[in-house]
Amino acid sequence: MHTINEIPPHDPVFSSPAYQRHFGNRQWAKIESFGCGIALSLSAVRPELLESDESFASEVLRILWNSRVKTQSNGPPSPQPPKIGAVSASDSIRAEVVDATPMALAITITTISSGFTGGLEVIQVLVDRQNGAAAVFIKYLWHNDVVLPRKWYQSLGIWFQLTGRRLWLMDVLNGVTMSGTPGTNQGQSRGTPSSKVEL
């Protein structure tokens, strides 16, 4: 499991159309962020998912969305990946798909009580058939208008968000592989996938 503690300012996510459309029109007091991802061998993936890169990505995005829905509202799973406009909500948080390609999703996060849309989550699926590998990466950014003193437990918010995404990625491993326990790259990473997120 790869983890990035803070997404650097030069990361392609900040120049993506989804980011520019929803968050690029103002200066933010603080942006909290993280990234996490998994890499796996294509030899461990269920063969029916490898008919095309898109079929593999579709299953990955479907599993991640269903994991979100289950976490937020214990809702039923969907047989398809989400489309633009799909919503998953809990009592406090609303997540909406605002952009989608065959290999990626962009999701905004809104605090229901205030109506403030401060979060953007980008999911990217990469397939490298030449090297027989695939990767799934989640980038999460939360934007703050002002920086106020926090109570100790509020500082754990990003950690809880990261932990949730790591669990969802484990759902992906269990869902797309034949054994559910493929070999993955372990450790910390200070970088992100080099491919630009085209959303």
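Just so it is clear, the model here is predicted, and its values are computed rather than measured.
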A.B. asks: Please walk me through it: do I112 and S92 pass side-chain contact (heavy atoms from CB on, under 4.5 Å)?
C.D. replies: CA-CA 5 Å; I112 292 177; S92 58; 5.7 Å; no
A.B. asks: Between R21 and D99, is there a salt bridge with N-O shorter than 4.0 Å?
C.D. replies: yes
A.B. asks: Let me confirm one number: the CG-CG distance from L162 to L167, rounded to the nearest 0.5 Å.
C.D. replies: 9.5 Å
A.B. asks: Treating H143 as the side-chain partner and G118 as the backbone partner, does any N or O pair qualify as donor plus acceptor under 3.5 Å?
C.D. replies: yes
A.B. asks: Q72: what forms a side chain to side chain donor-acceptor pair (under 3.5 Å) with it, not counting sequence neighbours?
C.D. replies: S88
A.B. asks: Rounded to the nearest 0.5 Å, how far does NE2 of H2 lie from CZ of F137?
C.D. replies: 8.0 Å
A.B. asks: Could you tell me whether K30 and E32 make a salt bridge, using a distance below 4.0 angstrom between a side-chain N and a carboxylate O?
C.D. replies: no
A.B. asks: Does D145 have any salt bridge (Lys or Arg N to Asp or Glu O under 4.0 Å) partners at least two apart in sequence or in another chain, and if so, which?
C.D. replies: R26
A.B. asks: Counting C-beta onward and ignoring hydrogens, is there a side-chain heavy-atom pair between I7 and Y140 closer than 4.5 Å?
C.D. replies: no
A.B. asks: Working to the nearest 0.5 angstrom, can you tell me the gap between L64 CG and R165 CZ?
C.D. replies: 10.0 Å
A.B. asks: Mind checking whether T117 and H22 have side chains closer than 4.5 Å, heavy atoms only?
C.D. replies: no
A.B. asks: Give a yes or no answer on whether the side chain of S78 reaches the backbone of Q80 with a donor-acceptor pair at less than 3.5 Å.
C.D. replies: yes
A.B. asks: Given side chains that start at C-beta, do those of E121 and Q161 come closer than 4.5 Å, heavy atoms only?
C.D. replies: no
A.B. asks: Mind checking what makes side chain to side chain donor-acceptor pair (under 3.5 Å) contact with T108, not counting sequence neighbours?
C.D. replies: none
A.B. asks: Hey, does F14 have a side-chain heavy atom less than 4.5 Å from the side chain of L141?
C.D. replies: yes
A.B. asks: Below 4.5 Å, heavy atoms only, C-beta onward: do T110 and E96 meet side chain to side chain?
C.D. replies: no
A.B. asks: Do R94 and V87 have side chains that approach each other closer than 4.5 Å (heavy atoms only, starting at C-beta)?
C.D. replies: yes
A.B. asks: Drop me the distance from T3's OG1 to R166's CZ, to the nearest 0.5 angstrom.
C.D. replies: 4.0 Å
A.B. asks: How about N25: does its CG atom have over 12 heavy atoms from other parts shown lying under 6.0 Å from it?
C.D. replies: yes
A.B. asks: In Å and rounded to the nearest 0.5 Å, what is the CG to CG distance from N174 to L169?
C.D. replies: 11.0 Å
A.B. asks: Kindly work out whether a path of hydrophobic side-chain contacts (I/L/V/M/F/W/Y, heavy atoms less than 4.5 Å apart) joins Y19 to F116.
C.D. replies: yes
A.B. asks: Any non-hydrogen side-chain atom of W168 less than 4.5 Å from a side-chain atom of V136?
C.D. replies: no
